[in-house]
**Student:** 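Sending over a structure as C-alpha cells; questions will come in a sec.
Whatever order the structure lists them in is the order used to number ligands and atoms, beginning at 1.
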Amino acid sequence: MEFTKTPGWLDWYASPSTPKFKLPAGAVDAHCHVFGPGAEFPYAPERKYTPCDASKQQLFALRDHLGFSRNVIVQATCHGADNRAMVDACKASGGRARGVATVRRSISDGELQALHEAGVRGVRFNFVKRLVDFTPKDELMEIAGRIARLGWHVVIYFEAVDLPELWDFFTALPTTVVVDHMGRPDVSKPIDGPEFELFLKFMREHANVWSKVSCPERLSVTGPRALDGEQAAGMPSYRDVVPFARRVVEEFPDRVLWGTDWPHPNLKDHMPDDGLLVDFIPHIAPTPELQRKLLVDNPMRLYWPEL
Ligand SMILES: O=C(O)c1cc(C(=O)O)oc(=O)c1
C-alpha cells in the first residue's frame, strides 16, 4: 500500500551526532517507536497522521550509535491497535526490545498471551485528543484488569490541563502506571504553580505511578534546540524543561524512565539530533547514581525483571 505523509511532516534526523555523555552500561531507551514501513505494516485507517517510515533496522542502528543496549518500543497511534510492526521489531531484536501495545476489549486471551511471548509488557491508554478518538473508560478499565493478571503495566499519555478530570480513573488503575513525557507540563508556567504541583502530588500520593522524563523537544518553549549550531555555548538544549524533569528525577529516583521518542512524531518546527538529546540527560540526572537508576535499574525492573 502507498501512503502519502501528512503535509508538513518532518522526517527523523538521519545523521545524529555521537553523544558526549557516555551512557552507563546496559542503558535502555525506554520510549521509542517504529513506523511501518507502510508497505509491509500499513498505517491504521483511523490514524490522525501519516508519518514517514521508520523501520526496526533504523531503530536498532540508532540504538547502537547512541550506545543504548535495549529499547522499549511503544505502539504509535498511527498504527491504531494493529501491533504487528511493534511486535515484529520486538521479535527481531534478539531479546533486546520489549513492547507496549494498544489493544481493544475484543482482544482474546490467546492474543494477549501471544503479545506477551513477543515481549509486550504493557498497554498504552492515550488521552491526547489530537492523536486518538475517545475510548470509553469502562473499556479501558476492563483491559487494565485483564492485563494486570499478566503482570503488565499501563502507560498513559495526557496533557497537564486534563489531569484533574482524569484523576479518579488514573488512581483506580490496578497496575503500575507509567506517565508519558511527565504528563506534558506547560513549562512556561511556574514549576511550583498548581498545575505541576498536581502532577507531583499524583506521583507522591500513588507509589505505583512512574514517569518518563522524556521529550524536552516537545515541551520546550524557549529552546535552544538540539540541533548543530543551535546549542548555546555551555548551555543544555531545551533548558526551560530542565528544572521540571530534574525535579521529578530527584524526588522520585526509583520511578523514572528516559527515552529518545525517536522518530519524534508530529514535531512541527524542528527535528532534534538524538545524540544531543542524550547529552540532555546529565542536566536532569546530575549524578552517576541517578543516571544508573534512570537508564538501567528502573527500566530493567519494569521490562526485564527476570535478568
Ligand atoms: O505528541 C505526540 O504527537 C506523540 C505521538 C505519539 C503517537 O502517535 O503514538 O507518541 C508520542 O509519544 C508522542
**Student:** Based purely on interatomic distance, does Thr77 place a nitrogen or oxygen under 3.5 Å from a nitrogen or oxygen of ligand 1?
**Tutor:** yes
**Student:** I need the single residue from Asn266, Asp133, Thr77 that forms a side chain to side chain donor-acceptor pair (under 3.5 Å) with Lys48. Which is it?
**Tutor:** Asp133
**Student:** What part of Leu131, side chain, backbone, both or neither, has a heavy atom within less than 4.0 angstrom of ligand 1?
**Tutor:** side chain
**Student:** For His270 and Tyr13, test the side chains for any donor-to-acceptor distance below 3.5 angstrom and give the result as yes or no.
**Tutor:** no
**Student:** Quick check on contacts: which atoms of ligand 1 are under 4.0 angstrom from a heavy atom of Ala76?
**Tutor:** 9 (O)
**Student:** Are side-chain N/O atoms of Tyr43 and Asp53 paired as donor and acceptor at under 3.5 Å?
**Tutor:** yes
**Student:** Heavy atom under 4.0 Å from ligand 1: found in His79's side chain, backbone, both, or neither?
**Tutor:** neither
**Student:** With backbone taken as N, CA, C and O and side chain as the heavy atoms from C-beta onward, which portion of Val74 lies under 4.0 Å from ligand 1: side chain, backbone, both, or neither?
**Tutor:** neither
**Student:** Which ligand 1 atoms are under 4.0 Å away from a heavy-atom of Arg130?
**Tutor:** 1 (O), 2 (C), 3 (O)
**Student:** Please state which protein non-hydrogen atom is closest to atom 6 (C) of ligand 1 and give its distance, to 0.1 Å?
**Tutor:** Pro265 CG, 3.8 Å
**Student:** So which heavy atom on Pro216 is nearest to which on Leu277, and how close?
**Tutor:** CG-CD2, 4.0 Å
**Student:** Could an N or O of ligand 1 be found under 3.5 Å from any N or O of Asn126, whether backbone or side chain?
**Tutor:** no
**Student:** May I ask you to list the atoms of ligand 1 that are less than 4.0 angstrom from any heavy atom of Arg184?
**Tutor:** 1 (O)
**Student:** Can you tell which of Lys48, Arg124, His33 gets a heavy atom nearest to atom 9 (O) of ligand 1?
**Tutor:** Arg124
**Student:** Please identify which atoms of ligand 1 are closer than 4.0 Å to at least one heavy atom of His31.
**Tutor:** 12 (O)
**Student:** Identify whether the distance between the nearest side-chain nitrogen and carboxylate oxygen of Glu159 and Lys129 falls below 4.0 Å.
**Tutor:** no
**Student:** Are the side chains of Val241 and Met182 in touch, meaning some heavy atoms are under 4.5 Å apart?
**Tutor:** yes
**Student:** Assess, by modelled atom type and distance only, whether the side chains of Ser55 and Gln57 contain a donor and an acceptor separated by less than 3.5 Å.
**Tutor:** yes
